[in-house]
Protein chains: 2
Amino acid sequence: MTRNAETNQRMRDERRERILAEALRLFAARGLAAVTAGEIAAATGTSKGLLYHYFRSKDEIFTSLIREAFARMNEAARGLEALDLPPREKIALALGRLLRGLEQDERFALHVLLIAQAGLSQAIPEEARAVLREESFAPYGVVERILRAGQEDGSIRSGDDPRDLALVFWTTVKGLALHRAAHGSDFRAPDPRILLRMFWND
Amino acid sequence: MTRNAETNQRMRDERRERILAEALRLFAARGLAAVTAGEIAAATGTSKGLLYHYFRSKDEIFTSLIREAFARMNEAARGLEALDLPPREKIALALGRLLRGLEQDERFALHVLLIAQAGLSQAIPEEARAVLREESFAPYGVVERILRAGQEDGSIRSGDDPRDLALVFWTTVKGLALHRAAHGSDFRAPDPRILLRMFWND
DNA sequence: GTCTATATCCAGATAGAC
DNA sequence: GTCTATCTGGATATAGAC
């Protein structure tokens with residue numbers, strides 16, 4: 001019996017994952033309001049009824065995805081901060097990874113897009129909005145702290161407001177994600193060195 | 001009679017403008033699908049019925065706005081190209097204006113956002129998609145040409161692909177527009193000099 | 001030109017058979 | 001656990017009175 005229960009649980013989890021993955025694809029491409037529950041079900045290969053067996057509402061699916069997106073993003077940010085590297089190297093590494101991720105890692109690009117969609121649209125569930133409020137600042141904070149440390153050790157150009165620098169760091173990444181969304185798979189990320197020039201000479 | 005006809009025409013135009021202005025605000029904030037015709041009517045202070053007297057559909061309103069947004073954007077781009085200034089000054093001027101526009105010119109920021117929304121969402125009317133396909137490239141082209149000219153006259157750093165440079169130019173602007181949308185009116189644009197460093201030293 | 005009332009459709013969510 | 005059938009609300013769009 002335990003064996004069966006475990007198998008069931010695994011199947012359940014897999015199905016749930018499947019639904020979330022397809023919903024992510026759809027929401028990232030069109031936004032919450034323009035995607036119907038029926039479409040998610042069809043993309044997943046299940047019925048609408050089953051969808052509502054796994055989730056209480058369309059909003060709940062969306063909110064789960066927002067949570068997941070921020071969890072990954074913030075985990076990556078904390079990982080970056082914990083790395084044993086000088087600040088300047090951290091920034092270069094992070095930006096390189098982000099651009100490569102946008103280009104090659106579909107799921108990552110979708111998460112960035114979902115966050116962009118959510119931030120862009122005033123029309124999202126209150127719970128998702130709360131997650132956004134609480135978690136969206138963290139990546140800015142991480143990058144800002146690293147940049148400030150770099151200014152102090154002299155490896156990053158001083159004189160700029162670190163908040164401004166963190167702002168352009170992230171808005172550039174989001175802008176590129178947007179561009180990728182609009183222009184599809186033939187997206188080619190720019191050379192990261194161009195962007196890094198904002199932070200130091202040469 | 002001619003007098004009356006003219007007055008009527010003017011009132012008609014004003015009402016139409018009013019509808020478009022409110023719809024722009026709503027669409028830019030939430031996207032096409034999350035805005036209802038009733039909300040547009042209410043925001044305009046008219047009835048739903050009258051809305052459909054002026055426009056055939058919600059999609060038509062959206063498409064009109066997309067046309068308008070691109071018309072202004074491309075007009076500005078052509079104006080920039082026609083200016084009698086060295087390439088490097090054109091870029092500096094353009095970026096300064098864009099950032100100031102995002103910060104202070106609500107209508108401009110809304111247009112940028114609408115374009116971002118439209119590019120982001122796969123779920124827009126076919127006609128709007130066509131406008132996007134045909135017109136969205138122009139601003140990239142303009143900036144790319146100016147940057148290339150600057151590379152040739154030596155005022156802009158050479159060695160970078162001008163397409164990459166034009167890409168980061170515009171994606172940065174769009175990213176900032178996104179940020180403004182998410183963080184509302186307390187948005188403060190970064191110092192443009194930070195961004196300009198991508199294009200030349202010091 | 002402008003409004004109210006309404007037809008029609010479609011999406012979110014549920015009920016209940018298997 | 002999974003499906004089909006259905007309820008119900010709300011949105012687009014229209015009709016028709018004033």
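Note that these values count all heavy atoms, side chains included, but never hydrogens, waters or copies made by symmetry.
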- Applying ring-ring contact (aromatic ring centres under 6.0 Å, His included), which residue pairs with at least one partner in residues 14-52 of chain A are found, sequence neighbours left out? A/Phe27-A/Phe62
- Task: Identify the 5'-most and 3'-most nucleotides of DNA chain C with at least one atom closer than 4.0 Å to a non-hydrogen atom of chain B.
- Result: C/dG1 to C/dT4
- Message: Taking side chain to side chain contact (heavy atoms under 4.5 Å, CB included) as the criterion, tell me which of B/Leu65, B/Asp59, B/Thr63 meets it with B/Ile61.
- Response: B/Leu65
- Selection residues 174-201 of chain B - residue pairs positive for ring-ring contact (aromatic ring centres under 6.0 Å, His included), sequence neighbours left out: A/Tyr140-B/His179, B/His179-B/His183
- Task: Please work out which residues in residues 49-61 of chain B have a non-hydrogen atom less than 4.0 Å from an atom of DNA chain C and list them by number.
- Result: B/Gly49, B/Leu50, B/His53, B/Tyr54
- Item | Pairs meeting criterion side-chain hydrogen bond (donor to acceptor under 3.5 Å, both in side chains) with involvement of residues 23-48 of chain A, two or more places apart | A/Arg30-A/Glu39, A/Thr36-A/Glu39
- Task: May I have all residue pairs that pass side-chain hydrogen bond (donor to acceptor under 3.5 Å, both in side chains) and include part of residues 160-170 of chain A, sequence neighbours excluded?
- Result: A/Asp160-B/Arg197, A/Asp164-B/Arg188
- Task: Tell me which residues in residues 36-45 of chain A put a heavy atom below 4.0 Å from DNA chain D, sorted by number, or none.
- Result: none
- Message: Tell me which pairs pass ring-ring contact (aromatic ring centres under 6.0 Å, His included) where either residue lies in residues 69-102 of chain A, with sequence neighbours left out.
- Response: none
- side-chain hydrogen bond (donor to acceptor under 3.5 Å, both in side chains) filter on B/Arg67, not counting sequence neighbours, yields B/Glu127
- With sequence neighbours excluded, what pairs up with B/Asp191 under the salt bridge (charged side-chain N to carboxylate O under 4.0 Å, His left out) test? B/Arg193
- In a check of side chain to side chain contact (heavy atoms under 4.5 Å, CB included) between A/Phe169 and each of A/Ile91, A/Ile146, A/Leu196, A/Leu195, which one passes? A/Ile91
- CG of A/Leu102 to CG of A/Leu110: how many Å apart, nearest 0.5 Å? 10.5 Å
- Query: Can you name the salt bridge (charged side-chain N to carboxylate O under 4.0 Å, His left out) partners of A/Glu60, sequence neighbours left out?
  - Reply: A/Arg56
- Item | NZ/NE/NH1/NH2 to OD/OE distance under 4.0 Å, A/Arg148 and A/Glu152 | no
- Note on the structure: Expected list for residues 9-22 of chain A near DNA chain D, using heavy atoms below 4.0 Å, is A/Arg12, A/Arg15
